[in-house]
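To start, the structure under review is shown below, and the notes come after it.
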Amino acid sequence: MAFSATSLSSFSSLSIRTTRFSVLNQHPLPNNLTPKSKASKPFPVFPFKLTSTTKLKAADSETTFFEDPSLQEEVVFEPTPPPEGFVPPPSFDDGPMETEDEIAAAYEEIYGPAYSGVSLLGNDPFVMDSKMKKSTGFGSKVKKEKVRDGFEERVVQVRRVTKVVKGGKQLHFRAVVVVGDKQGQVGVGVGKAKEVIAAVQKSATNARRNIITVPMTKYLTFPHRADGDYGAAKVMLRPASPGTGVIAGGAVRIVLEMAGVENALGKQIRSKNALNNARATVVAVQKMRQFSDVARERGIPMEELWK
């Protein structure tokens with residue numbers, strides 16, 4: 001049994017070696033891969049037999065092959081047709097040519113009067129245009145025109161306020177403005193900015209957003225008395241007979257005058273803060289109601305209200 005096992009092992013090793021040599025004979029190696037000496041590392045032998053079936057076929061790969069590539073072919077651009085009713089705009093050169101006077105007038109409107117001594121827009125070319133440069137030059141401030149909506153503005157108070165931050169203090173101005181049309185509509189606003197003019201503009205805009213209607217009788221006074229509180233401020237309002245005038249002080253007087261009230265009594269009872277007193281006046285006015293509104297709510301004629 002031992003002899004048969006030894007013979008089988010030697011036979012199997014001999015067959016493997018012959019197979020390797022047959023593979024090398026069928027597919028000879030390149031010159032740079034042929035072992036130069038016995039001491040060098042032998043070239044690794046493939047464990048399988050190389051045949052023509054192991055070659056890569058074009059059908060087995062995912063690469064797309066073009067049969068007849070035409071790289072030199074020119075591509076013709078075809079624009080989309082215009083829609084129906086399309087009228088092409090006129091060309092810039094088709095219009096009438098500008099005259100020299102029109103060009104000079106446009107130049108003068110942008111850059112000011114020319115230095116030639118001739119002005120086509122009625123400007124004085126011999127006056128220095130420093131004012132124009134200040135209003136239109138670099139760093140000029142934009143001047144906003146006043147809104148003409150029928151409301152008048154009155155500044156109640158302008159105070160300098162500071163805000164403490166990490167790097168120090170930030171200085172701002174706070175403005176309290178009352179706007180009104182003197183026909184029963186009035187509003188109180190407040191705004192802060194780094195400049196006084198900007199603060200007044202912001203507060204006027206804020207006041208226009210808070211417009212209320214003041215109920216008044218034909219004698220331009222209140223229909224009844226009312227009190228208003230806002231914060232620590234308290235304001236007392238009382239109607240007055242014709243010819244009395246507005247007897248009030250501080251922010252209360254400004255609010256009543258801008259509302260169009262001509263005969264009334266007002267008193268600031270607690271705090272003297274202008275902003276809180278102005279808003280307390282607005283609160284007191286909002287509590288008032290006309291006699292016709294009360295009679296309509298009760299469903300009775302106005303004559304029965306005094307019975």
Side-chain angles (χ1 to χ4, degrees), residues 141-162 171-223 225-288 290:
K141 299 177 182 178
V142 179
K143 295 183 180 180
K144 295 184 178 179
E145 298 181 357
K146 291 186 178 180
V147 181
R148 298 180 180 179
D149 53 357
F151 289 96
E152 299 182 10
E153 301 177 4
R154 286 276 297 274
V155 179
V156 178
Q157 184 186 64
V158 176
R159 276 193 174 182
R160 185 178 63 182
V161 296
T162 56
L171 178 64
H172 291 81
F173 292 94
R174 188 196 70 174
V176 180
V177 176
V178 178
V179 299
D181 59 353
K182 295 185 178 182
Q183 295 180 359
Q185 291 190 345
V186 68
V188 179
V190 61
K192 289 191 296 183
K194 293 185 178 181
E195 297 181 1
V196 178
I197 299 177
V200 172
Q201 291 177 353
K202 284 185 178 180
S203 56
T205 304
N206 181 255
R208 284 180 170 82
R209 296 174 182 173
N210 302 318
I211 296 294
I212 64 168
T213 302
V214 180
M216 291 186 294
T217 62
K218 62 180 180 179
Y219 301 108
L220 299 179
T221 185
F222 301 126
R225 61 178 59 188
D227 298 338
D229 298 337
Y230 190 90
K234 183 177 181 180
V235 173
M236 176 186 66
L237 299 179
R238 299 289 185 267
S241 58
T244 304
V246 178
I247 302 178
V252 180
R253 183 183 186 89
I254 296 176
V255 173
L256 297 183
E257 287 180 351
M258 298 304 292
V261 180
E262 296 184 0
N263 303 295
L265 304 175
K267 181 65 177 176
Q268 301 176 6
I269 297 178
R270 295 179 189 168
S271 175
K272 303 300 181 182
N273 185 277
L275 178 60
N276 286 351
N277 278 300
R279 289 179 172 174
T281 306
V282 172
V283 172
V285 166
Q286 287 179 329
K287 293 180 180 180
M288 298 179 183
Q290 293 282 11

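Note that these values count all heavy atoms, side chains included, but never hydrogens, waters or copies made by symmetry.
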Open item on the list: With a 4.5 Å cut-off on side-chain heavy atoms, are V283 and D229 touching?
Closed with: no
Open item on the list: Taking the side chain as everything from C-beta on, heavy atoms only, tell me whether L237 gets closer than 4.5 Å to V285.
Closed with: yes
Please name all residues satisfying side chain to side chain contact (heavy atoms under 4.5 Å, CB included) with [X], sequence neighbours left out, ordered by chain then number.
X: V282; result: V188, I212, Q286
X: R160; result: L171, F173
X: I269; result: K234, M236, K267
X: A193; result: A198, A199, K202

Listed partners of [X] passing side-chain hydrogen bond (donor to acceptor under 3.5 Å, both in side chains), at least two apart:
X: T217; result: none
X: Q157; result: R174
X: T162; result: none
X: R225; result: none

- [ ] For the pair V155 and V176, evaluate side-chain contact (heavy atoms from CB on, under 4.5 Å) and give the outcome as yes or no after the intermediate values.
- [x] CA-CA 6 Å; V155 179; V176 180; over 6 Å; no
Could you report the tightest heavy-atom contact between [X] and [Y], atom names first, then the distance?
X: A240; Y: A264; result: CB-N, 3.7 Å
X: A204; Y: E153; result: CB-OE2, 3.5 Å
X: G249; Y: Q268; result: O-NE2, 2.9 Å

Look up atom [atom1] in [X] and atom [atom2] in [Y], then write down how far apart they are to the nearest 0.5 Å.
X: N263; Y: I247; atom1: CG; atom2: CD1; value: 9.0 Å
X: I211; Y: Q185; atom1: CD1; atom2: CD; value: 6.5 Å
X: M258; Y: I254; atom1: CE; atom2: CD1; value: 9.0 Å
X: T281; Y: D227; atom1: OG1; atom2: CG; value: 11.0 Å
X: N206; Y: Q201; atom1: CG; atom2: CD; value: 13.5 Å

- [ ] Among residues two or more places apart or on two chains, list those pairs meeting salt bridge (Lys or Arg N to Asp or Glu O under 4.0 Å) that have a residue in residues 182-194.
- [x] E152-K182
Open item on the list: Listing request: all salt bridge (Lys or Arg N to Asp or Glu O under 4.0 Å) pairs with a residue in residues 245-255, at least two apart in sequence or in separate chains.
Closed with: R253-E257
Task: N/O donor-acceptor pair under 3.5 Å between Q290 side chain and M216 backbone - done: yes
- [ ] Please step through side-chain contact (heavy atoms from CB on, under 4.5 Å) for the pair V156 and V177, ending with a clear verdict.
- [x] CA-CA 5 Å; V156 178; V177 176; over 6 Å; no
- [ ] Take atom CZ of F151 as the centre, draw a 6.0 Å sphere, and report whether it contains more than 12 heavy atoms from other residues, nucleotides or ligands.
- [x] yes
Open item on the list: List the residues meeting salt bridge (Lys or Arg N to Asp or Glu O under 4.0 Å) with D181, not counting sequence neighbours, and say none if there are none.
Closed with: none
Between side-chain atoms of residues 271-278 and protein atoms elsewhere (two or more places apart, or another chain), which donor-acceptor pairs fall under 3.5 Å?
unit_1 : atom_1 : unit_2 : atom_2 : d
S271   : OG     : N273   : N      : 3.1
N273   : OD1    : L275   : N      : 3.1
N273   : OD1    : N276   : N      : 2.9
N277   : ND2    : S271   : O      : 3.0
N277   : ND2    : N273   : O      : 2.7

Open item on the list: For a side-chain contact (heavy atoms from CB on, under 4.5 Å) check, start with the C-alpha distance between L256 and F222, then their side-chain angles and the critical distance, and finish with the verdict.
Closed with: CA-CA 10 Å; L256 297 183; F222 301 126; 3.4 Å; yes
